[in-house]
Amino acid sequence: MSQASPVPAIRIRGLMKRFGDRTVLDGIDLDVRDGDVLCIIGPSGSGKSTLLRCVAFLDAYDEGEVNILGRLIGWRETPMGREPAGEAELAAVRAPLGMVFQHFHLWPHLPVLANVTLALRLARGLSKQGAEETGLAMLGRVGLTSHAGHFPDQLSGGQKQRVAIARALAVRPKVMLFDEPTSALDPELVGEVLSVMKALAADGMTMVIVTHEMGFAAHAANRTVFMDRGRIVEAGTPQDLFRAPQSERLRQFLETWR
Ligand code: ADP
Ligand code: MG
């Protein structure tokens, strides 16, 4: 029996991104497969955030391809060359992605539950009741059902980030992208957010996580990528990268985190 090769959740080939005359992503090739928990590590300024932003087409990339579940994001190929995809097409290709950023970007004037259900109501057109059922279920996954009626400024940073995760989960993403989700948190609040992320990973969620939490990367990820100066310098299992770094650059980078 023939086996169809499954379409990667995310497929990146020859990705180039420039800001002015600065090349920030310099030929990235990467596949994210179903169920992968991929951690991206690397020094500040190496292009990690730009990579996630290009994957979601929050930043337009200049060359190469990013495919989400087999569909090119952001551009439409025409016989005349590439042209920008229309808004509706971009939204449809982006729909399988959930994003969580360093800063939580919650709406301060809305209660927690409304923050989580907003996209369901506006973008997906769910009824209030349907959206709230889903929203409460997602708050349950991050352990915050009892905070549904609170306002963001009544929450700790760790709780706010868990709400942001619930909000991202509400639209049932196929892949979750996290950009340093714990970097803005006081140290004692980091653990509760990482626990939620570990539970998601254990549930089989496909995740791409930019993080400086080396312990998390070592234990929760099945794949690790080290970026420096816009390139992937090393890729492999966490054991490969943390126990047997091949490059001087990764060795030096890991030294600074011991
Ligand atoms: P990292 O997340 O690894 O710290 P970034 O992707 O944020 O790195 O940034 C990579 C490089 O791109 C940095 O030199 C940064 O200054 C530059 N950069 C990022 N965003 C912009 C932008 N909007 N305009 C100009 N330069 C940018
Ligand atoms: Mg960054």
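Both ligands and their constituent atoms are indexed starting at 1 by order of listing.
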Atom 3 (O) of ligand 1: nearest protein contact (heavy atom, Å): K48 NZ, 2.7 Å
Atom 7 (O) of ligand 1 [closest protein heavy-atom partner, distance rounded to 0.1 Å]: S49 CB, 3.7 Å
Distance-only polar pair, side chains of S183 and Q102, donor-acceptor under 3.5 Å: no
Side-chain (D62) to main-chain (R18) donor-acceptor, under 3.5 angstrom: yes
Test salt bridge (charged side-chain N to carboxylate O under 4.0 Å, His left out) applied to D31 and R13, step by step: CA-CA 9 Å; D31 279 351; R13 288 294 178 278; 3.0 Å; yes
Residue pairs fulfilling ring pair (Phe, Tyr, Trp, His ring centres under 6.0 Å) with at least one residue in residues 173-212, sequence neighbours excluded: H212-W257
Protein N, O or S atoms lying under 2.8 Å from the Mg ion (ligand 2), listed by chain and number: S49 OG
Residue and atom name of the nearest protein heavy atom (relative to atom 27 (C) of ligand 1), distance in Å to one decimal: F19 CD1, 3.2 Å
Residue from I40, D26, I28 passing side-chain contact (heavy atoms from CB on, under 4.5 Å) with I232: I28
E132 side chain to L113 backbone, donor-acceptor under 3.5 Å: no
Donor-acceptor contact present, side-chain R94 to main-chain A56, <3.5 Å: yes
side-chain contact (heavy atoms from CB on, under 4.5 Å), paired with L97, selected from L69, V171, V208, I68: I68
Nearest-contact summary for atom 15 (C) of ligand 1 - protein heavy atom, Å: R22 NH1, 4.3 Å
Side chain, backbone, both or neither: M227 near ligand 1, heavy atoms under 4.0 Å: neither
Inter-residue atom distance Q161.CD - T182.OG1, 0.5 Å rounding: 8.5 Å
Protein heavy atom at shortest distance from atom 5 (P) of ligand 1: T50 OG1, 3.6 Å
N222 side chain to V37 backbone, donor-acceptor under 3.5 Å: yes
Aromatic plane relationship, H109 with W107 - under 30° parallel, 30 to 60° tilted, over 60° perpendicular: perpendicular
Check: V24 N/O within less than 3.5 Å of ligand 1 N/O: no
Closest protein heavy atom to atom 4 (O) of ligand 1, given as residue, atom name and distance to 0.1 Å: G45 N, 2.7 Å
Contact (N/O only, under 3.5 Å) between G47 and ligand 1: yes
P43 heavy atom under 4.0 Å from ligand 1: yes
